[in-house]
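Encoded as structure tokens, the structure appears first; notes follow it.
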Amino acid sequence: MATRGHWLVKTEPGTYSIDDLERDGSTPWDGVRNYQARNFMRDGMKPGDRVLVYHSNAKPMGVYGLARVRDEAHPDELQFDPSSAYYDEDSDRDDPRWWCVDLEHVETFESPVSREAMKEEPALADMKLLERGMRLSVMPVEPHEFETVLRMARG
DNA sequence: GCCAACGTTGGC
DNA sequence: GCCAACGTTGGC
């Protein structure tokens with residue numbers, strides 16, 4: 001049995017928040033238009049993998065909850081929708097450029113684990129999310145970092 | 001509001 | 001193929 005992956009996704013709560021995910025139950029994590037992030041979703045994420053949900057441009061910034069990967073990656077439908085901001089006229093139905101997974105809500109934390117608190121936590125000193133200039137919106141998380149964030153969320 | 005860090009685009 | 005210009009992300 002392969003070890004499950006651990007991930008983090010960023011979202012701007014004004015666009016789509018953990019509360020939206022809780023309301024929806026699950027959602028395609030679409031609109032991601034970065035090849036590295038796409039590759040993590042398409043090639044890295046497996047059903048059952050757990051995902052930290054991070055709010056950027058929020059007060060406070062931080063991890064607000066937990067989700068789970070529901071399926072293997074599938075083509076992001078928005079790339080075929082001319083009315084979408086994520087429409088990609090160069091993408092071909094037979095060879096789609098953009099892929100996403102569906103994420104399922106697991107838990108909304110009672111109080112978020114703030115970026116500030118994470119930066120003060122020695123166990124998270126090497127966490128990619130906290131690196132300066134890190135813009136990637138889908139990234140792997142080390143298992144011990146993942147568990148540290150969960151422990152912080154649960155006090 | 002500012003700006004550093006990147007990714008993408010397009011001229012050459 | 002190089003690289004300058006531009007646009008976006010996202011922390012501060």
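Note that this is a predicted model, so its numbers are computed, not measured. The chains referred to below are lettered A, B, ... by the order of the sequence lines, with proteins before strands, and numbering in each begins at 1.
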Quiz: residues 147-155 of chain A side-chain donor-acceptor pairs under 3.5 angstrom, not counting sequence neighbours:
unit_1	atom_1	unit_2	atom_2	d
A:Glu147	OE2	A:Arg50	NH2	2.9
A:Thr148	OG1	A:His144	O	2.7
A:Thr148	OG1	A:Arg151	NH2	3.4
A:Arg154	NH2	A:Glu107	OE1	2.5
A:Arg154	NH2	A:Glu107	OE2	3.3

Could you list the residues that satisfy ring-ring contact (aromatic ring centres under 6.0 Å, His included) with [X], not counting sequence neighbours?
X	result
A:Phe146	A:His6
A:Tyr64	A:His55
A:Phe40	A:Trp7

(message) Tell me every residue that passes side chain to side chain contact (heavy atoms under 4.5 Å, CB included) with A:Ser114, counting only those two or more places apart in sequence or in another chain.
(response)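 In terms of side chain to side chain contact (heavy atoms under 4.5 Å, CB included), with neighbours along the sequence ignored, A:Ser114 is linked to A:Pro60, A:Glu116, A:Ala117.
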
(request) Would you please name every residue forming a side chain to side chain contact (heavy atoms under 4.5 Å, CB included) with A:Glu110, sequence neighbours left out? (result)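 Applying side chain to side chain contact (heavy atoms under 4.5 Å, CB included) to A:Glu110 gives none.
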
(request) Please indicate whether A:Asp24 has more than 12 foreign heavy atoms, meaning atoms of other residues, nucleotides or ligands, lying under 6.0 Å from its CG. (result)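 Enclosed: over 12 neighbouring heavy atoms sit under 6.0 Å from CG of A:Asp24.
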
(request) Could you list all the ring-ring contact (aromatic ring centres under 6.0 Å, His included) pairs where at least one residue sits in residues 102-130 of chain A, not counting sequence neighbours? (result)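 Residue pairs with at least one partner in residues 102-130 of chain A: there are none.
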
(request) Using chain A heavy atoms and a threshold of under 4.0 Å, write down where along DNA chain B the contacts begin and end, 5' to 3'. (result)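 Listing 5' to 3', DNA chain B meets chain A from B:dA4 to B:dT8.
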
(message) Do the side chains of A:Glu131 and A:Lys119 get close enough for a salt bridge, i.e. N-O under 4.0 angstrom?
(response)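 A salt bridge is absent here (no side-chain N lies under 4.0 Å from a carboxylate O).
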
(request) Decide yes or no on side-chain contact (heavy atoms from CB on, under 4.5 Å) for A:Leu66 and A:Leu52, but give the supporting numbers first. (result) CA-CA 5 Å; A:Leu66 185 60; A:Leu52 298 172; 4.2 Å; yes

(request) Enumerate the residues from residues 31-43 of chain A whose closest heavy atom to DNA chain C is under 4.0 Å, giving them by residue number; use none for an empty result. (result)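 Result for residues 31-43 of chain A: none.
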
(request) May I ask you to list the residues of residues 83-103 of chain A, by number, that have any heavy atom positioned under 4.0 Å from an atom of DNA chain B? (result)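 Nucleic-acid contacts, sorted: none.
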
(message) Near DNA chain B, counting only heavy atoms under 4.0 Å, which residues of residues 126-142 of chain A show up?
(response)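 Those residues are A:Arg132, A:Gly133, A:Arg135.
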
Per-pair distances, 0.1 Å, donor-acceptor, side chain in residues 94-103 of chain A, under 3.5 Å, sequence neighbours excluded:
unit_1	atom_1	unit_2	atom_2	d
A:Arg97	NH1	A:Asp88	OD2	3.0
A:Trp98	NE1	A:Asp88	OD2	2.9
A:Trp99	NE1	A:Pro96	O	3.1
A:Asp102	OD1	A:His74	NE2	2.8

(message) I'd like to know whether A:Trp29 forms a side-chain contact (heavy atoms from CB on, under 4.5 Å) with A:Val9, so could you lay out the CA-CA distance, the side-chain angles of the two residues, the decisive distance to 0.1 Å, and finally the verdict.
(response) CA-CA 9 Å; A:Trp29 207 253; A:Val9 297; 3.6 Å; yes

